[in-house]
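Heads up: the structure comes next, in structure tokens.
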Amino acid sequence: MATNGYEGGLMMIEELTTNAQQIQDEELGEILSRNAGTEYLRGFLHGQTEKQLFKKNVPIVTYEDLKPYIDRIANGETSDILVAEPVTGFYLSSGTSGGQPKLIPVTAEYLKKGPLVGTFSESPTMRHFGDINQAGKRMELMFARPEIETPSGLKAAIFSTSMYSESKFRTNLPKLYTSPIETIFCPDPNQGLYYEVVKVGSLFASTVLRGIKFLENHWQELCYDIKTGRLSDWITDSGCRNAASLILKPNPEQADLIESICNYKSWEGIIRKLWTKARYIGCICTGAMRQYTTELEFYCRGLPLVSAFYACSETFCGLNLEPLCKPCDISYTLLPNMAYFEFLPVKNERDESFEMKSNDEDTELVDLVNVKVGQCYELVVSTCAGLYRYKVGDVLMVSGFYNKAPQFQFLERKNVILSVDHEKTSETDLFKAVTEAKALLDPLGFILTEYTSYVDTSSAPGHYVLFWEIKGKEGKHCKELDPKIMVECCSRMEESLHYTYKIYRKRSIIAALEIRVVKQGSFEALMDYFVSRGTSFSQYKKPNCIKSEEALKLLDSRVMGKYFSPKSPL
């Protein structure tokens, strides 16, 4: 079906979701008819393409299972090891394997889905806000990282860098975005941020906050530059300087206006004050990004946070058809033409903690249209680019259906846990406990802006440690926070954790939970550390559990206070 603006996109979504089962069968049929003769699939299917044989014989795998095949292609062997069509490059996943980014194969057939993704992801938003392409330019923080060349000569890059490198994007950039291409490809994100502080959208909520905090720390310098028409000396990247110089002219009136707004004692609602015509903030604010929503809502008071889509490096998955809903209520409708989707049931072993009770081999995968509302699943995908029954690692809960296509809430990444003994605390468990505890701060005029955790086993028994970065409202300093409140936060967290944790605490198998309050800017320093080690700035996701000794040393060096739960929660 041909599209005609966002209305055409909405019509396509209706057709796809209405015929979800048929389209899924066609998607799998196309994948198998093209690739059944590859070295990998031939060992399981012997050249046949029947769906039931695929489900019976092809194993459920992780990246580690496919890595030897992908590495062979990256090292110069022909693509038909995994996929009949030539591999044209690789996407670099934000996840790692053996400390290195995962390489996700890309083919021409896979790239054909790109224009559809753009149409699908924008259509529901435009239904509510109109055609933003005609209303003005988009203010988005965009950062690219250099491509990596594999031994085969094929390039590997994060998805966003690949998109920014396309000729169509570069052609449309001046019409749709405020960023010159030079700032996007600036090797120093801070120099790019200096120029791009006028942007209020990005891929992730964490990047939007990084931009706001950069403005909060540099607005006086920015106003001076706008007033005088000259760029600060520390902006040394030639591309950034040349691009900015073309448009930066002395403008005292604009500088005075920005200065008057930024001089407010409170920065609550600062985005609406600075960009009065902004209609919404566009960024992913589910999953690992949900912890940033409270602070982001503080800065954009009244503007909706729109998390438009759910995607991973392996494939585009689904859309948020209700972009005006609150971040905590977001559900994504999976689109059946993006990949062949299967779902591995995840058992509810205890209250609000999800873990497989049986081996994957003993668990039958569920088709897209057969999932059950309220049930939790781990996402498994088969794509046209050589991934077959591949566990993405995302845990989703079915919240409903749109026509025949299921809608999911993103719960967590699988196996992101804390564990001292045999208890297992998931990302969801941790988020729930932190949410309960930070509620004690708000009435006192403080906001928890960032957190992470680790298990301290340097003494016996081990215990959970939380690093908290706290910000005061109305000019308050976190030093004014009563230590008794922080002790109560420790207790509230323990009371909110799962039953197994409480039993282990009562039996002294786990020691008292600890919160370490760190200085302002500590989590920006943490991001800088990981970016300096090769993590993409635009794809950075703060770890909810710290594993790196160097990262722990960095946070510990910025600790202002340590607080412990005074008693067992049971």
Side-chain angles (χ1 to χ4, degrees), residues 9 12-13 16-17 20-21 23-24 26-28 31 60 62-63 91 93-95 102 104-106 109-125 158-160 163 203-204 282-290 306-323 327 330-344 346 365-371 375-414 539 541:
M12 289 185 70
I13 293 169
L16 290 169
T17 55
Q21 180 65 68
I23 293 169
Q24 276 283 273
E26 292 173 353
E27 188 73 17
L28 178 60
I31 291 171
I60 304 165
T62 65
Y63 182 81
Y91 286 152
S93 170
S94 57
K102 297 177 182 177
I104 307 300
V106 177
E109 185 66 24
Y110 180 91
L111 291 175
K112 286 180 182 178
K113 297 182 184 291
L116 285 177
V117 168
T119 299
F120 291 150
S121 61
E122 289 186 347
S123 295
T125 303
I158 63 172
F159 170 78
S160 54
M163 182 181 72
L203 181 59
F204 292 123
C283 58
I284 294 173
C285 51
T286 52
M289 296 296 116
R290 60 188 170 181
V306 175
S307 189
F309 59 87
Y310 162 44
C312 50
S313 299
E314 293 81 3
T315 186
F316 184 87
C317 299
L319 304 171
N320 175 10
L321 297 180
E322 298 295 336
I330 290 172
S331 289
Y332 298 104
T333 303
L334 263 66
L335 296 182
N337 65 329
M338 292 290 112
Y340 181 67
F341 297 107
E342 296 176 278
F343 300 88
L344 187 63
V346 175
L365 297 193
V366 180
D367 282 346
L368 179 74
V369 298
N370 294 328
V371 295
Q375 174 66 54
C376 299
Y377 300 91
E378 183 177 0
L379 181 63
V380 178
V381 301
S382 298
T383 72
C384 61
L387 304 181
Y388 310 107
R389 309 199 93 184
Y390 175 97
K391 293 169 65 177
V392 172
D394 293 348
V395 177
L396 314 173
M397 184 181 74
V398 185
S399 55
F401 279 79
Y402 183 80
N403 295 326
K404 299 295 184 179
Q407 297 179 303
F408 293 88
Q409 290 187 334
F410 185 102
L411 291 184
E412 62 189 7
R413 289 287 296 171
K414 197 172 187 300
Q539 284 192 305
K541 299 174 185 175

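All residue numbers in this chain count up from 1 along the given sequence.
- In this view, S331 and S399, Q407, Q409 satisfy the side chain to side chain contact (heavy atoms under 4.5 Å, CB included) rule, not counting sequence neighbours.
- Distance check, rounded to the nearest 0.5 Å: CG of N337 to CZ of F316 gives 9.5 Å.
- Contact check for C312 versus I104: no side-chain heavy atoms found under the 4.5 Å cut-off.
- A distance of 12.0 Å separates CG of L321 from CD1 of I330, quoted to the nearest 0.5 Å.
- The structure places OH of Y63 at 9.5 Å from CD of E314, a figure rounded to the nearest 0.5 Å.
- The side-chain heavy atoms of C283 and F204, taken from C-beta on, include no pair separated by under 4.5 Å.
- Scanning for side chain to side chain donor-acceptor pair (under 3.5 Å) contacts around N370 gives an empty result, with sequence neighbours left out.
- Across P124 and S121, no two heavy atoms sit closer than the pair CD-O, 4.0 Å.
- Shown here are the side chain to side chain donor-acceptor pair (under 3.5 Å) partners of S307, two or more places apart in sequence or in another chain: Y332.
- Nearest approach of Y390 to T62, heavy atoms of both residues: CE1-C, 4.1 Å.
- Closest approach of L379 to C317, counting heavy atoms only: CD2-SG, 3.9 Å.
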Verdict with supporting geometry, F408 and V395, side-chain contact (heavy atoms from CB on, under 4.5 Å):
CA-CA 10 Å; F408 293 88; V395 177; over 6 Å; no
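- Of all heavy-atom pairs between L335 and F341, the closest is O-CE1, 3.2 Å.
- Taking 4.5 Å as the limit, some side-chain heavy atom of K391 sits within range of a side-chain heavy atom of L344.
- Annotation for N403 and F401: closest pair O-CB, 3.8 Å, computed over non-hydrogen atoms.
- Expressed to the nearest 0.5 Å, how far CZ of F410 lies from SG of C285 amounts to 12.5 Å.
- In this structure, the side chains of F343 and Q375 stay at 4.5 Å or more apart for every pair of heavy atoms.
- Checking each of N320, I284, T333 against F309 for a side-chain contact (heavy atoms from CB on, under 4.5 Å) leaves exactly one that passes, namely I284.
- In plain terms, the two heavy atoms of I31 and S382 that are nearest each other are CD1-O, 3.5 Å.
- Listed by first and then second residue, the salt bridge (charged side-chain N to carboxylate O under 4.0 Å, His left out) pairs involving residues 334-344 are K55-E342, E342-R389 (not counting sequence neighbours).
- For K113, the salt bridge (charged side-chain N to carboxylate O under 4.0 Å, His left out) test picks out E27, with sequence neighbours left out.
- With hydrogens and angles disregarded, no donor-acceptor distance shorter than 3.5 Å links the side chain of E378 to the backbone of L396.
- Residues satisfying the side chain to side chain contact (heavy atoms under 4.5 Å, CB included) test with E109, not counting sequence neighbours, are R34, E85, T107, K112, C384.
- Checking side-chain atoms of Q21 against main-chain N and O of L368 turns up no donor-acceptor pair under 3.5 Å.
- Distance CG/L16 to CG/L334: 12.0 Å, rounded to 0.5 Å.
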